[in-house]
Colleague: 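I'd like to ask some things about the structure below.
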Amino acid sequence: QVQLVESGGGLVQPGGSLRLPCAASGFTFSSYDMGWYRRAPGKERELVATITRTGGSTNYADSMKGRFTISRDNAKYTVYLQMNSLKPEDTAVYYCNAHKPGWTYEYDYWGQGTQVTVSS
């Protein structure tokens with residue numbers, strides 16, 4: 001069974017840091033681009049960051065550039081999101097995403113999400 005399991009969420013103060021791992025199983029991890037998305041209450045889901053199959057290329061939403069870093073360890077079947085300089089507006093449920101290049105996005109895999117709350 002395909003699984004993407006996010007963890008590492010929690011409460012952090014503004015300016016703080018958090019690292020979110022997403023553990024993948026049930027599919028060929030190295031064949032998929034991976035990403036992080038988030039959804040804040042009352043808002044649409046938005047892109048946080050993506051990383052290509054071998055980690056050779058990354059992409060970030062403008063508001064995350066310079067603060068967030070996506071990485072992956074294909075040997076561990078895990079993708080990570082390192083979040084620094086967190087702001088209250090980063091408060092959201094963060095979702096792990098797997099996308100197979102060449103396939104349409106409705107076939108993406110999604111995790112259940114992990115809550116990140118940035119508050120003083």
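What you see is a predicted model, and the numbers here were worked out from it, not measured in a lab.
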Colleague: Mind jotting down which residue pairs meet the disulfide bond (SG atoms under 2.5 Å apart) criterion with at least one end in residues 49-88? Sequence neighbours excluded, please.
Modeller: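 Listed by first then second residue: nothing to list.
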Colleague: Would you list the pairs meeting side-chain hydrogen bond (donor to acceptor under 3.5 Å, both in side chains) in which at least one residue belongs to residues 62-73, sequence neighbours left out?
Modeller: D62-K65, R67-D90, R72-N74
Colleague: Check whether any side-chain heavy atom of V79 sits under 4.5 Å from a side-chain heavy atom of L81, and report yes or no.
Modeller: no
Colleague: Taking only residues two or more places apart in sequence or in another chain, which ones pass ring pair (Phe, Tyr, Trp, His ring centres under 6.0 Å) with Y105?
Modeller: H99
Colleague: Can you run down the disulfide bond (SG atoms under 2.5 Å apart) pairs that involve residues 57-93, sequence neighbours left out, and say none if there aren't any?
Modeller: none
Colleague: Does E89 have any side chain to side chain contact (heavy atoms under 4.5 Å, CB included) partners at least two apart in sequence or in another chain, and if so, which?
Modeller: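 Residues passing side chain to side chain contact (heavy atoms under 4.5 Å, CB included) with E89: K87.
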Colleague: Which donor-acceptor pairs under 3.5 Å do the side chains of residues 47-55 make with protein atoms, sequence neighbours left out?
Modeller:
{"from": "T52", "atom 1": "OG1", "to": "G56", "atom 2": "N", "distance (Å)": "3.4"}
{"from": "T52", "atom 1": "OG1", "to": "S57", "atom 2": "N", "distance (Å)": "3.0"}
{"from": "T52", "atom 1": "OG1", "to": "S57", "atom 2": "O", "distance (Å)": "3.3"}

Colleague: Name all residues meeting the salt bridge (charged side-chain N to carboxylate O under 4.0 Å, His left out) criterion together with E46; count only those two or more places apart in sequence or in a different chain, and write none if there are none.
Modeller: R38
Colleague: Side-chain donor-acceptor pairs under 3.5 Å in residues 5-16, sequence neighbours left out?
Modeller:
{"from": "E6", "atom 1": "OE1", "to": "Q112", "atom 2": "N", "distance (Å)": "3.2"}
{"from": "E6", "atom 1": "OE1", "to": "G113", "atom 2": "N", "distance (Å)": "2.9"}
{"from": "E6", "atom 1": "OE2", "to": "C96", "atom 2": "N", "distance (Å)": "2.7"}
{"from": "E6", "atom 1": "OE2", "to": "G113", "atom 2": "N", "distance (Å)": "3.2"}

Colleague: Answer with yes or no after comparing the ring centroid distance for Y37 and W110 against a 6.0 Å cut-off, counting only values under it.
Modeller: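 Between W110 and Y37, which both carry aromatic rings, the centre distance is below 6.0 Å.
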Colleague: Restricting to pairs with a member in residues 94-112, which pass salt bridge (charged side-chain N to carboxylate O under 4.0 Å, His left out), not counting sequence neighbours?
Modeller: none
Colleague: According to the disulfide bond (SG atoms under 2.5 Å apart) rule, which pairs have a member within residues 37-81, sequence neighbours left out?
Modeller: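 Applying disulfide bond (SG atoms under 2.5 Å apart) to every pair that reaches into residues 37-81, excluding sequence neighbours, yields nothing.
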Colleague: Hey, does Y60 have a side-chain heavy atom less than 4.5 Å from the side chain of I70?
Modeller: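 Yes - at least one pair of side-chain heavy atoms lies under 4.5 Å apart.
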Colleague: Would you please name every residue forming a ring pair (Phe, Tyr, Trp, His ring centres under 6.0 Å) with Y32, sequence neighbours left out?
Modeller: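 With neighbours one apart ignored, the set is F27, Y109.
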Colleague: Listed by chain and number, what are the side chain to side chain contact (heavy atoms under 4.5 Å, CB included) partners of T28, not counting sequence neighbours?
Modeller: S30, S31
